[in-house]
There are 2 protein chains.
Amino acid sequence: MMFSKACEYGIRAAVYVTLQSLEERRVSFNEIAKEIDSPIAFTAKILQQLTRNNIIHSVKGPTGGFEIEREDMDMVKLSMIVKAIDGDKIYTGCGLGLKECNAQKPCPLHDKFLDIRTDLRNMLESTSLFELATGLEVGLTYLKR
Amino acid sequence: MMFSKACEYGIRAAVYVTLQSLEERRVSFNEIAKEIDSPIAFTAKILQQLTRNNIIHSVKGPTGGFEIEREDMDMVKLSMIVKAIDGDKIYTGCGLGLKECNAQKPCPLHDKFLDIRTDLRNMLESTSLFELATGLEVGLTYLKR
DNA sequence: ATAATATAGGATATAATTGTCTTTTATTTG
DNA sequence: CAAATAAAAGACAATTATATCCTATATTAT
Ligand code: FES
Ligand code: FES
């Protein structure tokens, strides 16, 4: 609804990688897909995108898998994942589908829509992977149900 | 992104019907599609949905077309249109795609997501077609381009 | 070096959404 | 009543999003 399926899987996957990297564990896409309850091959594609965008790091071969550096856990915000997977139409598009969102020639919902979207944007730009992983770590939140 | 294309067209169409009904004019789906710059046949389908959900009123035959009662312009909120076309997943779904959004077993983004979604919901539930049409009427807002 | 392992990449399949076309039904006017 | 008009309905087509499968490439351990 707000994010594509691919983006939802991408965020859940990145948070799971973060959680495991906190314990120095590399994880395979098989494990990730199982733990976040997502389609394996599709998840692998999404992990490729995250890797190409330097959001997570991948290592091939035995003992390989996905990981994320400790400093990146703080640096990587949700907005970066959303942008890598869904692009920035979530920021730039018109809520009523006009060709562009423009205050000079706004749709009837423009002002109200912009309020919501600005809040969403601020939230995504200020939320780090580390922050999301900590709730998981102490069992307060879940990646599947 | 936030709404489906169908929903975007639906809102724009309903606002246009409202604007014209303020001047006692019934409008055909051909005119609506032209004025909101949307695919004609697809728009006709969406107008059917709005009619079935008693959001706008349709009249067949010569002099027929779509219209909306003056009192309905205030009574119909955007939330009703969104619900009629996109269903209520926008209100009930989990932002990270968990099978359900539930505070007992929340995803890592639950609290922050709920804040945004509540604002969106309040906005949609408090915004009437009349309110949106008035900006159009005085040339402050636009339904195409 | 070789075998085993794990991600990368490309081709393909399936499902959902978006969009078109044609026929039917209801209504109004002459 | 007949002709014209406009929405309703159903079948179909195109596009996009989601998902799977198979092969290639890189890396590690033996
Ligand atoms: S013009 Fe529609 S949201 Fe800005
Ligand atoms: S559980 Fe994910 S948004 Fe509520």
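Side-chain atoms are counted along with the backbone in the values below, which use heavy atoms only and exclude waters and symmetry mates. A, B, ... follow the sequence lines: proteins, then strands. Residue 1 opens every chain.
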**Message:** As a test of reading the structure: which of C/dT18, D/dA19, D/dT27 is closest to the side chain of A/P39, going by heavy atoms?
**Reply:** D/dA19
**Out of C/dT18, C/dT28, D/dA8, whichever nucleotide has its closest atom nearest the side chain of B/F66** =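 It is D/dA8.
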Is the shortest heavy-atom distance from the side chain of [X] to the side chain of [Y] under 4.5 Å?
| X | Y | value |
| --- | --- | --- |
| A/I85 | A/Y9 | no |
| A/R121 | A/S79 | no |
| B/M80 | B/M75 | yes |
| A/L129 | A/I81 | yes |

**Prompt:** Going by heavy atoms closer than 4.0 Å, what residues in residues 14-24 of chain A are next to DNA chain D?
**Reply:**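 Here the set is empty: none.
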**Item:** DNA chain D contacts among residues 40-56 of chain A, heavy-atom distance under 4.0 Å
**Value:**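 Going residue by residue through residues 40-56 of chain A, the ones with a heavy atom under 4.0 Å of DNA chain D turn out to be A/A41, A/F42, A/K45.
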Rounded to the nearest angstrom, tell me the gap between atom [atom1] in [X] and atom [atom2] in [N].
| X | N | atom1 | atom2 | answer |
| --- | --- | --- | --- | --- |
| A/R26 | C/dT5 | CZ | P | 17 Å |
| A/R12 | D/dT18 | CZ | P | 13 Å |
| B/D37 | C/dG19 | CG | P | 11 Å |
| A/H57 | D/dA26 | NE2 | C1' | 12 Å |
| B/I85 | C/dA16 | CD1 | C1' | 17 Å |
| B/N30 | D/dA7 | CG | C1' | 11 Å |
| A/K60 | C/dT7 | NZ | P | 10 Å |

**Item:** Side-chain N,O (B/Y9) to OP1/OP2 (C/dT18) below 4.0 Å
**Value:**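 The answer is no; no side-chain N or O of B/Y9 sits under 4.0 Å from OP1 or OP2.
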**Prompt:** Taking only N and O in the side chain of A/T63, is any of them less than 4.0 Å away from OP1 or OP2 of C/dT5?
**Reply:**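 For C/dT5, OP1/OP2 do not have a side-chain N/O of A/T63 under 4.0 Å.
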**Asked** Is there a donor and acceptor pair closer than 3.5 Å between the side chain of B/K5 and the base of C/dT18?
**Response** no
**Under 3.5 Å donor-acceptor, A/N53 side chain and A/Q49 backbone** = yes
**Request:** Indicate yes or no for a side-chain donor-acceptor contact from B/T127 to the backbone of B/L124 under 3.5 Å, with no hydrogens or angles considered.
**Result:** no
**Message:** Need one value for A/F29: base, sugar-phosphate or nothing, where a base atom within 4.0 Å counts as base even if backbone is also close, heavy atoms only.
**Reply:**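 Base contact - A/F29 has a heavy atom under 4.0 Å of at least one base atom.
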**Message:** Looking at A/E31 and A/K34, is any side-chain nitrogen of the basic one under 4.0 Å from a carboxylate oxygen of the acidic one?
**Reply:** no
**Prompt:** Should the heavy atoms of other residues, nucleotides or ligands under 6.0 Å from NZ of B/K77 be counted, would the total exceed 12?
**Reply:**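 For B/K77, atom NZ is crowded (more than 12 foreign heavy atoms under 6.0 Å).
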**Asked** With sequence neighbours excluded, what pairs up with B/D74 under the salt bridge (charged side-chain N to carboxylate O under 4.0 Å, His left out) test?
**Response** B/R70
